[in-house]
Number of protein chains: 2
Amino acid sequence: MDGKIVNLKSKLEIYKAMTAGANFADCPVRDVINGINGKWSPLLVMALAEKPYRFGELRRLVPDISQRMLTQTLHELQRDGYVHREVFPTKPPSVEYSLTDLGRSMFVPLCHLVQWAELNHDAVREARAAFDARM
Amino acid sequence: MDGKIVNLKSKLEIYKAMTAGANFADCPVRDVINGINGKWSPLLVMALAEKPYRFGELRRLVPDISQRMLTQTLHELQRDGYVHREVFPTKPPSVEYSLTDLGRSMFVPLCHLVQWAELNHDAVREARAAFDARM
DNA sequence: TGTTGGCAGTCTCGAAAAGAGACCAGCACT
DNA sequence: AGTGCTGGTCTCTTTTCGAGACTGCCAACA
């Protein structure tokens, strides 16, 4: 199961980086990707890429996220260094979330993926419809 | 230093496309992204981008995926038009999975994201360690 | 004075999804 | 006759997710 995958160069290296590790800690790509590809993470990064937002603003912006998931996802994004959390000691203390430099640099490739998604949405929907029709 | 990297109109339109929709069906980007960002989808797409694989090969290639999840993820990828499934009537019938043109075109931006992940893995791990140390 | 409402969350509980592993039919090799 | 390989499905358990109630603080309103 080891000798058959030795054909390409750059792609193979990436591929090996994703699969070679015996576990998660040894695989940088899966480690990082799994932090990004949560259900709400890309959405929040896209939102914060536009401008910083407060907790309640984000909640109103993404109506179908629960507070629990918003708190948790922001916490994870903060932990991984994508998001900066700042508390302002106003009368009711307000909390502002903004993208760090790391977050902004991650936003670039993410944005490409999102652009692809926009362009190819119709193709995907068609494929889906054709597939469902055959079943 | 404020979000000036992002003040292009195209990006704002994408952002609006992600957040404006009242529900999922109206938001093309979320619809497509949610099909890509599963736990195993990117990994399998990366693997199949190298060359077509059979079911058992994929299973051995990604040792920590369960058959159940492999079947299900491949099925979803096929439904969305990224993956082609072909059955060969050999003695024990073998099934080969390969990327479609749509899958290959999606692989391009995905690959950028993966490359970013590879490059910035250390930064993310450092941020994570620093964050955990403070708690 | 009591009430209401906004802020940023936390807590709990039921539902949905993921993971582990048994099981299936058919065929080849020993 | 037993073992192993093919590509899966079925069931059971654990993990995660989602909805909504609840907290503490303060300000405005009646």
Side-chain angles (χ1 to χ4, degrees), chain A residues 1-4 19 21-24 27 30-31 33-44 47-48 52-80 83-98 131 135, chain B residues 22-24 27 30 33-44 47-48 52-80 83-98 131 134-135:
Chain A
M1 68 182 179
D2 44 349
K4 55 180 54 175
T19 59
N23 48 24
F24 267 73
C27 178
R30 282 171 71 174
D31 190 30
I33 291 288
N34 274 319
I36 296 170
N37 76 355
K39 178 168 182 182
W40 301 106
S41 313
L43 195 59
L44 293 178
L48 293 174
Y53 278 107
R54 305 224 319 258
F55 187 88
E57 291 177 313
L58 285 171
R59 199 157 64 83
R60 281 185 293 275
L61 217 54
V62 186
D64 52 347
I65 195 176
S66 60
Q67 283 124 315
R68 188 184 167 279
M69 276 296 102
L70 183 54
T71 304
Q72 186 176 311
T73 307
L74 286 171
H75 189 84
E76 288 167 6
L77 290 173
Q78 186 196 356
R79 190 175 102 100
D80 285 4
V83 157
H84 174 69
R85 178 179 183 273
E86 187 156 14
V87 183
F88 294 100
T90 50
K91 315 106 190 199
S94 62
V95 180
E96 190 180 87
Y97 292 91
S98 57
F131 185 86
M135 299 315 267
Chain B
N23 49 23
F24 267 73
C27 179
R30 282 170 72 175
I33 291 288
N34 275 318
I36 297 169
N37 75 354
K39 179 168 184 183
W40 301 106
S41 312
L43 195 60
L44 293 178
L48 293 175
Y53 277 109
R54 307 227 316 260
F55 187 89
E57 290 177 315
L58 286 170
R59 198 158 65 82
R60 282 186 293 274
L61 219 53
V62 186
D64 54 346
I65 195 175
S66 59
Q67 285 120 315
R68 188 184 166 280
M69 275 297 102
L70 182 54
T71 305
Q72 186 176 312
T73 307
L74 286 171
H75 188 84
E76 288 167 8
L77 291 174
Q78 186 195 356
R79 190 175 103 99
D80 284 4
V83 158
H84 174 70
R85 177 178 184 273
E86 187 155 12
V87 183
F88 293 100
T90 51
K91 316 103 189 197
S94 62
V95 180
E96 190 180 88
Y97 292 90
S98 57
F131 184 87
R134 252 186 289 110
M135 297 314 268

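Worth saying up front: this structure is predicted, and the values here are computed from it rather than measured. Just the heavy atoms: all of them, side chains too, but no hydrogens, waters or symmetry mates, feed the values below. So that the names make sense, note that chain A is the first sequence line, chain B the second, and so on, each numbered from 1.
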Revision key, fill the gap. Atom NE2 of His75(B) and atom C1' of dG8(D) are separated, to the nearest Å, by 13 Å
Exercise for review: Would you mind reading off the distance between Leu70(B) atom CG and dC10(D) atom P, rounded to a whole angstrom?
Suggested key: 17 Å
Check your understanding: Under the side chain to side chain contact (heavy atoms under 4.5 Å, CB included) criterion, do Tyr53(B) and Leu48(B) qualify, and how do the steps go?
Key -> CA-CA 6 Å; Tyr53(B) 277 109; Leu48(B) 293 175; 3.9 Å; yes
Exercise for review: Take Leu74(B) and Arg85(B) through the side chain to side chain contact (heavy atoms under 4.5 Å, CB included) test and state the conclusion after the steps.
Suggested key: CA-CA 9 Å; Leu74(B) 286 171; Arg85(B) 177 178 184 273; over 6 Å; no
Practice item. Go through the steps for His75(A) and Phe131(B) under the test side chain to side chain contact (heavy atoms under 4.5 Å, CB included), then give the verdict. Key: CA-CA 10 Å; His75(A) 189 84; Phe131(B) 184 87; 3.6 Å; yes
Review point. Residues two or more places apart in sequence or in another chain: which of them pass side chain to side chain contact (heavy atoms under 4.5 Å, CB included) with Ser41(A)?
Key: Thr73(A), Leu77(A)
Study note, to complete from the structure: Contact string for nucleotides 15-30 of chain C, one letter per nucleotide 5' to 3', B = base within protein heavy-atom range under 4.0 Å, S = sugar-phosphate only, - = neither, reads ---BBB----------
**Study point:** Distance in angstrom units between Glu86(B) CD and dG8(D) P, rounded
**Key:** 13 Å
Practice item. Anything under 30° is parallel, anything over 60° is perpendicular, the rest tilted; go ahead and classify Tyr97(A) against Phe55(A). Key: tilted
Exercise for review: Mind checking Arg54(A) for me? I need base, sugar-phosphate or nothing, with any heavy atom below 4.0 Å counting as a touch.
Suggested key: sugar-phosphate
Check your understanding: Which is true for Ser94(A) with a 4.0 Å heavy-atom rule: it touches a base, it touches only sugar-phosphate, or it touches nothing?
Key -> sugar-phosphate
Check your understanding: Can you check whether Tyr53(A) has a side-chain N or O nearer than 4.0 Å to OP1 or OP2 of dA8(C)?
Key -> no
Revision key, fill the gap. In whole angstroms, the gap separating C1' of dG7(D) from CZ of Phe55(B) amounts to 6 Å
Practice item. Would you mind reading off the distance between Glu57(B) atom CD and dC5(D) atom C1', rounded to a whole angstrom? Key: 13 Å
Check your understanding: Whole-Å distance between dT10(C) P and Leu74(A) CG?
Key -> 11 Å
Practice item. Sequence neighbours left out, what passes side chain to side chain contact (heavy atoms under 4.5 Å, CB included) with Pro93(B)? Give chain and number order. Key: none
Point to revise | Euclidean distance, atom CG of residue Asn34(A) to atom P of dT15(D) [Å, nearest integer] | key: 17 Å
**Study point:** Derivation of the side chain to side chain contact (heavy atoms under 4.5 Å, CB included) call for Val62(B) and Asp64(B)
**Key:** CA-CA 6 Å; Val62(B) 186; Asp64(B) 54 346; 3.7 Å; yes
Exercise for review: Remember a base hit wins even if backbone is also touched, and classify Phe88(B) as base, sugar-phosphate or nothing at under 4.0 Å, heavy atoms.
Suggested key: nothing
